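Here the structure is laid out as structure tokens; the discussion comes afterwards.
Everything quoted here is computed from the prediction, not taken from an experiment. Residue numbers run from 1 in the order of the sequence given.
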Amino acid sequence: MFSMTSIGRSGSRVAGGCLRGASSASGPSKKKVVERSMIGPPHPISNISPIVLREAENEGPLERRLRLHHLAMNTRNHTFWLAHNMQFEKDKDDFKAGRIKSDDVVLTENGGLSPDEFATFYKDFLNSKKASLREYNRVWLRDISLYIWLSLQVNMHKVF
């Protein structure tokens, strides 16, 4: 388990998250209310930080859509990078094992690949993932565009 960090209104981070209405010795409550938006440490493989976003008491439909879209984007990013990075590590280990068996391998003093060997592997890996990375970028651009549009609408609605 990991701890979450709260993000206050000013954007500053506060240690320890605040959940109101969480289960207690007196019994579970009906709904968990998040008092502050929270962010956790990055996942060790995907490097994406988990987030919990505060639901405003008077949250309108646009604000709700923005909050849910933000959470969905974070989930999609985590899922993609988790699978991508796991495949990268597996392929790197396979490449390293295959190169160690060959006679012309140059290993560094700690048993890793030389920069030239790693560059060869990395180029081949990226070329093999070109289609999935292109699709990820297309979806990310669509997601971030919608996020910016929704943020603009929410902020304009607050002003006017």
Would you please name every residue forming a side chain to side chain contact (heavy atoms under 4.5 Å, CB included) with D93, sequence neighbours left out? none
Determine whether the side chains of E89 and N85 contain a donor N or O and an acceptor N or O closer than 3.5 Å. no
Residues R54, E35: salt bridge by 4.0 Å N-O rule: no
In terms of heavy-atom contacts, N47 and P44 come closest through OD1-O, 4.1 Å
Output all residues satisfying ring-ring contact (aromatic ring centres under 6.0 Å, His included) with F80, sequence neighbours left out; order by chain, then residue number. H84, Y136
Side chain to side chain, R67 and R64, heavy atoms closer than 4.5 Å: yes
Between F88 and F121, ring centroids under 6.0 Å: yes
What do you reckon, is CZ of R65 surrounded by more than 12 foreign heavy atoms closer than 6.0 Å? no
Going only through I, L, V, M, F, W and Y residues with side-chain contacts under 4.5 Å, is there a path from I48 to M86? no
Expected output: side-chain D143 to main-chain M73 donor-acceptor under 3.5 Å: no
For the residue pair L150 and L146, establish whether any side-chain heavy-atom pair is separated by less than 4.5 Å. yes
Under the side-chain contact (heavy atoms from CB on, under 4.5 Å) criterion, do I51 and H70 qualify, and how do the steps go? CA-CA 9 Å; I51 57 173; H70 190 172; 3.6 Å; yes
Which atoms form the tightest heavy-atom contact between P41 and P50, and what is the distance? O-CD, 3.2 Å
Measuring from R76:CZ to L71:CG, what's the distance to the nearest 0.5 Å? 10.5 Å
What are the two closest non-hydrogen atoms of S37 and L53, and how far apart are they? OG-CA, 3.6 Å
Within 6.0 angstrom of F125 CZ, more than 12 heavy atoms from elsewhere: yes
Which pairs, with at least one residue in residues 123-135 and sequence neighbours excluded, count as a salt bridge (charged side-chain N to carboxylate O under 4.0 Å, His left out)? E135-R138
Do H43 and L82 touch side chain to side chain, with heavy atoms closer than 4.5 Å? yes
Nearest 0.5 angstrom please: L66 CG to H69 NE2, how far? 8.0 Å
Does one hydrophobic cluster hold both L133 and I144, with members joined at side-chain heavy-atom distances below 4.5 Å? yes
Flag yes if Y147 and W140 sit in one hydrophobic cluster, no otherwise; membership is Ile, Leu, Val, Met, Phe, Trp, Tyr, and two members link when side-chain heavy atoms are under 4.5 Å apart. yes
Check whether any side-chain N or O of H78 sits under 3.5 Å from a backbone N or O of S46 as a donor-acceptor pair, and report yes or no. no
Close side-chain approach of K92 and Y122, heavy atoms under 4.5 Å: no
